[in-house]
Q: 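Here's a structure for you.
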Amino acid sequence: MSSEGLQRGYAILKEQIDAPTASYLSSCVNCGMCAEACLFFTETGDPRYTPIHKVEPLKKVWRHEYTFWGRLSKALGLSKPVTDEELAAWSPLVYDGCSMCGRCSVVCPVGNDITYMIRKVREGLAAAGHAPEGLVAATRRAITVGSPMGVKLPALQAQIRHVEQDTGLSVPVDVENADYMLLLSSMEIMNFPEFIAAVTRIFDRTEVSWTISSEAFEATNSGIQIGVSDLAAELVQRVVTAAEKLNVKYVISPECGHAYMAIRWEGPNLIGRPYGFRVVHILELLDELREQGRLKLQGKETDRLTYHDPCQIGRRGGILEQPRNLLRAISDDLVELPGGGMMNWCCGAGGGVSSNERADEIRLRAFNRKKSQLDQIQVDGLVSACSNCRIHIEEGLEHNHIDLPVLSLTELIEKHLAD
Amino acid sequence: MDEVGAIAIEIEPTVATTGNVLPLLHELHHALLRFRDDGSEHCIDVNSLPLSEQDHRQLESVLGRGEVHARLQALGDSEITETRIPGIWRVIHANADGAVVGRFLEVTACPSILKTQQPDIADGIAHLQRLIDELPGEDQ
Amino acid sequence: MKPGLTVGETLRAHGVTRRGFLKYCAAITSLMALPPSSLKAVAAALEAARRPSVIWLSFQECTGCTESLTRSADATIEELIFNAISLDYHHTLQAASGAAAEAAREQAMHENYGNYLLIVDGSIPIADAGYSTIAGISNRDMLLETAAGAAAIVSVGTCAAFGGIPAARPNPTGAVPVSELITDKPIINVPGCPPIPVVITGVLVQYLTFGLPDLDAQGRPLAFYGQSIHDRCYRRPFYDKGLFADSFDDEGAKKGWCLYKLGCRGPTTYNACATAKWNNGTSFPIESGHPCLGCSEPDFWDTGSFYHALSTPTEAIGEAAVYAAGGGLLIGAAVGAVHQRHKRKAIESHRKVSLDDIDEGAAK
Amino acid sequence: MSDTEFLLLVRGPLFTLATVILVGGVLIRIAEILFMGRKKSLAEARGSEASGGFRVMLSRSVPDADTFHRSGFTIISGYVFHIGLFVVIFLFVPHILVFERAIGLSWPGLPSNIIDATTVITLIAMLTLLIHRIVDPVRRMLSGFQDYWVWLVTALPLITGYFAFHRVGVSGAWMLAVHILSVELLMITFPFTSLSHAFTLWMSRWYNGAVSGYRGIR
């Protein structure tokens, strides 16, 4: 059974290797600087969490299959191929000890995009059957139920009713030819329905034509996190089908890091064609509305605030300026976290780490980095734009007995809507 | 003839300095200090040092000439000169062709080659005896 | 002059005073590159040294070495050194010729068997004995015969020491150095094309005073060949400062800058030129503006152009690199195409990864 | 074999061979990498690949403050060693002459005693990096035979070059020959080990930067 899994994983790894991978693997001089850029190393001190070390199985396959010497020594029986035990041993390193935050990729002096390669290693490990149970279960729910948390349409409908009661506004569902189609993460539906209310109010005030699809409202993509492109593509396809059916111009990615990565940057490549619509992140849209003068804001926050960049939205997604523009409009006391922006430290729960119970302990250890950063800047509130970051930071703060409000940027903006 | 004569031949003196003169002067300075304090003599074989013509000129102009200048005629001329620094002597040996075969700087009260040598004294005694013997005796 | 007299006695017999002797020793000490403080030791040794019988054999050579030695015609110190040896056979210099000359050699060998010093200049042809003979005797035979009774051999000149120009490619006569044929006698190599006259005499004096000198790996006396031309060169400071002549007539050449770029072999050449100099101490090649040819090193004639810097490759590597680039691209494309096909196959045989596939391991 | 013959061998056929392997090897490696192919992204671009690619090619040489703080030792030693290596290889006049012979280009060099001092500094930096590699748990875990091998073949030309320059106790020709031989060892090792980062680094930075550029990340 495991040899069949190994074969499958090995075949996938073979498919994954491209010119950038070959270049990266050729360039590494084992300088070890990526370790010092990785919070799973800095907070545990365990060298096995060195980012480039996590790529080892891929490196072996590359050597074996796509280098002259490797193929020669393989033909001569001089080198050992990757074993199933090895793949199993790497599972905790790439799933539990990596949040795909991409910090190593911007530190590596030779320019290796290590995160890009870890993403590929996950493809191989998942196909070989070495993905952690929690992620597998989430993926199964995403594919079969439609949401990793098992949220079904009736649950959403119930939340929408609450929102409509609270706001006195109607939430458009399945409206054809709307300009924007909003996606939601399960966490927003279950934990932060205030987000839906905030968006409803803002869009009402700014007269944005929008809708939610009852067929594809889930923004998250477990396929991306676990590293199975075939399943990730299926999840993306659902959104694409719904958006093209409703004939919307834009799809809005909500406050969720990997969801943005999935729908904005990976999606078209997963389904193998460009979309018939454009994808914007909610922060991009809000900042654009503010710039156009449609989103009018009033009042300032009295608290000292900071902004935590979700890795996939900021460092790997390119939305670094917009949240700061929005925050500056409502706050005069905004401080940056050390390295805030491009070099921000991950909360420790991205990349599927939060869906993986096996990683619960290390996840909270990794949070120490954020905690010590917060100790340094002493703020009254932390704003972010990712439900997953927020949940984890809240949990981490609670674990450390710290009382600090963790806010959604969209919700905060909504509070400052001008009358 | 005209064509050949028209070629301007310019011979430039070697102007290169090696920078070895200064360390050499320091060595002499230290040797003089030692000689003053404990009487130990010192000798430098200048020919064994990589010095350019310009260096030699520079060395000459620094050391200059002092009070004593002696000429020794044995297997060609030798020039023994005290430099303007008392205690530093310049000893230059030439062969019968006039070619320089040895060039030394000695830190001493008097270069030993200037002193009369024992075997020469013995020869001198014998020679003097012969001269005396050859003189017509007054008592004869 | 009678053999058996000491050098001191010989000089004294020439009317040389003690002062003259001391001056002579000072020059010799300098010549042997010994510190001035060893003057006393040199004087004592030289005073007691006995005149050895010397046999000089000339083989495949140009007589340049003998010319070099006899440059100084007057009663110079070098000549006096020759008065301190008994040169019993030297077919270029001796008055006797033919059978009488050979008889002199045989007599000297006979009388001083086991004690005479053999000096050789020129290389020995072994491809065919007929290339060089003396009195009908092949060079090889004469060397073997004369060497048998020698106390030591001095190979004067690069030909005798290393084969020299006769042994340069393609070496038609099969020329070999003395050391190739004689292995059971001490051999002192005094290479140079020609060797510096004072070095030849210096080696003889050293042999007279202190016996066999210390030799380097090439069999050369360390006293004269212990340091490279480069290390003793008065232009060395320019090398250190990075000031080089780029051509024979540029500003750098006029200013006397380092000749490294013009192919100077000073760094790999071991000889006393930079200090002993030539023509009675007048100058040496570098001082007159020409790079060192490395004439006292083995194979100096075959080591590429004299005018290419030592550090540079001797072959046309630019051209080789162009071919290599072409070849590299071709091979690279071929290997790359193989990899590409390999990957395409992997992609073509892709089977969709299903939920059950990923569940497999997680179930355990 | 005499020292002179040895020198002639390394300056002649061996140097040509090493050059062929170096040039051919580098091109084979580049082709090998490029032929692996790269899918063009179908996602809508927010910026240009070229702008990001070129930016990262340059900017990645300058670490950010936090990285400098965390990996200061590696960065400083690495910088000293790389700059030193560059100075020693490309600004020593006898080396420039090699390039002049090979490619016909020449440039001014530095005084030899500066090169000499740079060699020592470079070697010290390399030594500290080696010690760090052995002592630090991360580096020790990552390092294999190849890492130590490439360290050695990089250090050898510096060491032999230093001795060739000072000619301590050995013949100038022999030491020069050994020095050139060690360089040839470096040349043939270069394309097929992690030393290849000297050229693949530019590709890696480009690929990494191109993705950032495409996504409009600044």
Side-chain angles (χ1 to χ4, degrees), chain A residues 17-33 35-37 41-42 45-48 50 52-53 62 66-69 105-113 116 264-269 271-275 278-279 314-321 338-339 342-343 345, chain D residues 28-29 32-44 46-47 56-57 60-61 63-67 70-71 74-75 78 129 132-133 136-144 146-147 150 192 194-197 199-212 214-218:
Chain A
I17 293 161
D18 55 3
T21 309
S23 173
Y24 298 153
L25 294 172
S26 301
S27 300
C28 180
V29 292
N30 288 331
C31 76
M33 274 169 65
E36 285 130 12
F41 169 77
T42 62
D46 186 341
R48 291 179 308 138
T50 302
I52 196 68
H53 181 61
W62 165 69
Y66 300 120
T67 65
F68 177 74
W69 296 115
S105 296
V106 292
V107 162
C108 175
V110 296
N112 287 353
D113 191 345
Y116 176 84
R264 175 68 176 92
W265 301 115
E266 287 211 26
N269 301 309
I271 64 168
R273 67 170 177 87
Y275 301 146
R278 297 176 71 184
V279 177
R315 180 163 45 242
R316 293 193 74 79
I319 300 173
L320 292 157
E321 272 311 300
M342 213 34 201
M343 299 307 295
W345 287 93
Chain D
I28 289 173
R29 289 301 318 281
E32 232 183 6
I33 291 169
L34 292 180
F35 268 80
M36 289 311 294
R38 170 173 171 251
K39 277 200 194 129
K40 199 181 159 2
S41 178
L42 298 168
E44 183 198 354
R46 195 194 273 142
V56 170
M57 275 168 95
R60 198 50 67 84
S61 299
D64 64 280
D66 182 66
T67 303
R70 284 172 191 284
S71 310
T74 308
I75 292 167
L129 283 168
H132 195 217
R133 194 173 273 293
D136 179 72
V138 169
R139 275 82 185 173
R140 189 172 58 229
M141 180 201 68
L142 291 178
S143 303
Q146 206 199 77
D147 297 282
V150 300
F192 308 107
S194 57
L195 289 175
S196 65
H197 76 276
F199 58 92
T200 60
L201 160 151
W202 306 107
M203 299 162 74
S204 294
R205 286 182 179 183
W206 168 269
Y207 285 134
N208 191 341
V211 172
S212 303
Y214 193 83
R215 294 181 186 169
I217 307 168
R218 249 174 283 276

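Here is the naming used below: chain letters follow the sequence lines, and residue numbers restart at 1 for every chain.
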Q: Could you tell me which of D/Ser196, D/Ser194, D/Ala65, D/Ser71 has the largest number of non-hydrogen atom pairs under 4.5 Å with chain A?
A: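 Max contact count across the listed options: D/Ser71.
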Q: At their closest point, which heavy atom of A/Ile17 faces which heavy atom of D/Met36, and how far apart are they?
A: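 Closest approach of A/Ile17 to D/Met36: O-CE, 3.5 Å.
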Q: Please determine whether the number of non-hydrogen atoms from other residues, nucleotides or ligands lying under 6.0 Å from atom CZ of D/Arg140 exceeds 12.
A: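 Atom CZ in D/Arg140 is crowded, with more than 12 foreign heavy atoms closer than 6.0 Å.
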Q: Hey, what do you get for CG (D/Leu142) to OG1 (A/Thr50), rounding to the nearest 0.5 Å?
A: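 If I round to the nearest 0.5 Å, the distance is 5.0 Å.
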Q: When heavy-atom pairs shorter than 4.5 Å are enumerated against chain D, which of A/Gly267, A/Ser105, A/Gly339, A/Ala35 gives the highest number?
A: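 With the most close heavy-atom pairs to chain D, the winner is A/Ser105.
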Q: Between D/Asn208 and A/Tyr24, what is the shortest heavy-atom contact and its length?
A: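 Shortest heavy-atom separation between D/Asn208 and A/Tyr24 comes out as N-OH, 3.3 Å.
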Q: Please check: side-chain N/O of D/Ser204 versus main-chain N/O of A/Gly111, any donor-acceptor pairing under 3.5 Å?
A: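 Not at all, since once roles are kept as given, no pair shorter than 3.5 Å links the two residues.
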Q: How long is the span from the CD atom in A/Glu36 to the OG1 atom in D/Thr74, to the nearest 0.5 Å?
A: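 Answer for the CD-OG1 pair, A/Glu36 versus D/Thr74, is 5.5 Å.
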Q: Could you tell me which portion of A/Arg315 (side chain, backbone, both or neither) has an atom closer than 4.5 angstrom to a non-hydrogen atom of chain D?
A: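 For A/Arg315, the contact with chain D is made by the backbone alone.
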Q: Measuring heavy-atom distances to chain A, does D/Pro137 have an atom under 4.5 Å in its side chain, in its backbone, in both, or in neither?
A: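 Contact with chain A: backbone and side chain both.
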Q: Just how far is it from atom CG of A/Leu320 to atom CZ of D/Arg218, taken to the nearest 0.5 Å?
A: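 Rounded to the nearest 0.5 Å, the CG-CZ separation comes out at 10.0 Å.
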Q: When rounded to the nearest 0.5 angstrom, what is the spacing between CD1 in A/Ile319 and CZ in D/Arg46?
A: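 Spacing of CD1 (A/Ile319) from CZ (D/Arg46) equals 5.0 Å.
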Q: Below 4.5 Å from any heavy atom of chain D, which atoms of A/Arg273 appear? Answer side chain, backbone, both or neither.
A: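 Backbone only.
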Q: Taking every heavy-atom pair that is under 4.5 Å apart, which of A/Asp46, A/Asn30, A/Asn112 has the most such pairs with chain D?
A: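 With the most close heavy-atom pairs to chain D, the winner is A/Asn30.
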Q: Provide the closest heavy-atom pair for D/Tyr207 versus A/Pro20 in the form atom of the first, atom of the second, distance.
A: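 For D/Tyr207 and A/Pro20, the tightest heavy-atom pair comes out as CD1-CA, 3.5 Å.
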Q: One pair to check against side chain to side chain contact (heavy atoms under 4.5 Å, CB included): D/Asp66 and A/Met343. What are the steps and the verdict?
A: CA-CA 8 Å; D/Asp66 182 66; A/Met343 299 307 295; 5.7 Å; no
Q: Sequence neighbours excluded, which residues qualify as ring pair (Phe, Tyr, Trp, His ring centres under 6.0 Å) partners of A/Trp69?
A: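 Applying ring pair (Phe, Tyr, Trp, His ring centres under 6.0 Å) to A/Trp69 gives D/Phe192.
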Q: Heavy-atom pairs under 4.5 Å with chain A: which of D/Gln146, D/His197, D/Lys39, D/Glu44 has the most?
A: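 The residue among D/Gln146, D/His197, D/Lys39, D/Glu44 with the greatest pair count is D/Glu44.
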Q: Going by atom types only, do A/Ser26 and D/Thr200 share a side-chain donor-acceptor pair under 3.5 Å?
A: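 Not at all, the side chains of A/Ser26 and D/Thr200 share no donor-acceptor pair under 3.5 Å.
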Q: Evaluate the criterion side chain to side chain contact (heavy atoms under 4.5 Å, CB included) for residue pair D/Arg70 and A/Thr42; output intermediate values, then yes/no.
A: CA-CA 10 Å; D/Arg70 284 172 191 284; A/Thr42 62; 3.9 Å; yes
Q: Working to the nearest 0.5 Å, report the span between OG of A/Ser27 and CZ of D/Arg205.
A: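 A/Ser27 OG to D/Arg205 CZ: 9.5 Å, rounded to 0.5 Å.
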Q: Could you look at D/Phe35 and say if it's the side chain, the backbone, both or neither that has a heavy atom under 4.5 Å from chain A?
A: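 Contact with chain A: none, neither part.
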Q: Could you tell me whether D/Arg215 and A/Glu266 have a side-chain N and a carboxylate O separated by less than 4.0 Å?
A: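 Looking at A/Glu266 together with D/Arg215, the answer is no, because their closest N to O distance does not fall below 4.0 Å.
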Q: Provide the closest heavy-atom pair for A/Ala19 versus D/Leu34 in the form atom of the first, atom of the second, distance.
A: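 What the structure gives for the nearest pair is CB-O, 4.2 Å.
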Q: Any side-chain heavy atom of A/Met342 within less than 4.5 Å of one from D/Asp64?
A: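 No. Closest side-chain heavy atoms not under 4.5 Å.
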Q: Please name all residues satisfying side-chain contact (heavy atoms from CB on, under 4.5 Å) with D/Ser143, sequence neighbours left out, ordered by chain then number.
A: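 So D/Ser143 forms a side-chain contact (heavy atoms from CB on, under 4.5 Å) with D/Arg133, D/Asp147, D/Tyr148.
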Q: Nearest 0.5 angstrom please: A/Thr21 OG1 to D/Ile33 CD1, how far?
A: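 Result: 10.5 Å between the selected atoms.
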Q: What part of D/Met141 gets closer than 4.5 Å to chain A, counting heavy atoms only: side chain, backbone, both or neither?
A: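 It is the side chain, since no backbone atom gets that close.
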Q: Between chain D and each of A/Pro274, A/Cys28, A/Cys31, count heavy-atom pairs under 4.5 Å; write down the option with the most.
A: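 Among A/Pro274, A/Cys28, A/Cys31, the one with the most close pairs to chain D is A/Cys31.
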Q: Taking it one step at a time, do A/Met33 and D/Ile75 satisfy side chain to side chain contact (heavy atoms under 4.5 Å, CB included)?
A: CA-CA 9 Å; A/Met33 274 169 65; D/Ile75 292 167; 3.7 Å; yes
Q: Does the D/Arg60 side chain pair with the main chain of A/Cys108, one donor and one acceptor, at a distance under 3.5 Å?
A: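 Flag set: sc D/Arg60 to bb A/Cys108 pair under 3.5 Å.
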Q: Between D/Glu32 and A/Phe68 (side chain of the first, backbone of the second, donor and acceptor by atom type, cut-off under 3.5 Å), is there such a pair?
A: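 It does hold such a pair.
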Q: Quick check for you: among A/Ser23, A/Gly45, A/Pro47, A/Gly32, which has the greatest number of heavy-atom pairs under 4.5 Å with chain D?
A: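 Heavy-atom pair counts peak at A/Ser23.
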Q: Has A/Asp18 got a side-chain atom pairing as donor or acceptor with D/Gly37's backbone, closer than 3.5 angstrom?
A: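 Side chain of A/Asp18 to backbone of D/Gly37: no pair is present.
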Q: Heavy-atom distances under 4.5 Å only: say whether D/Thr67 touches chain A with side chain, backbone, both or neither.
A: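 D/Thr67 touches chain A through side-chain heavy atoms alone.
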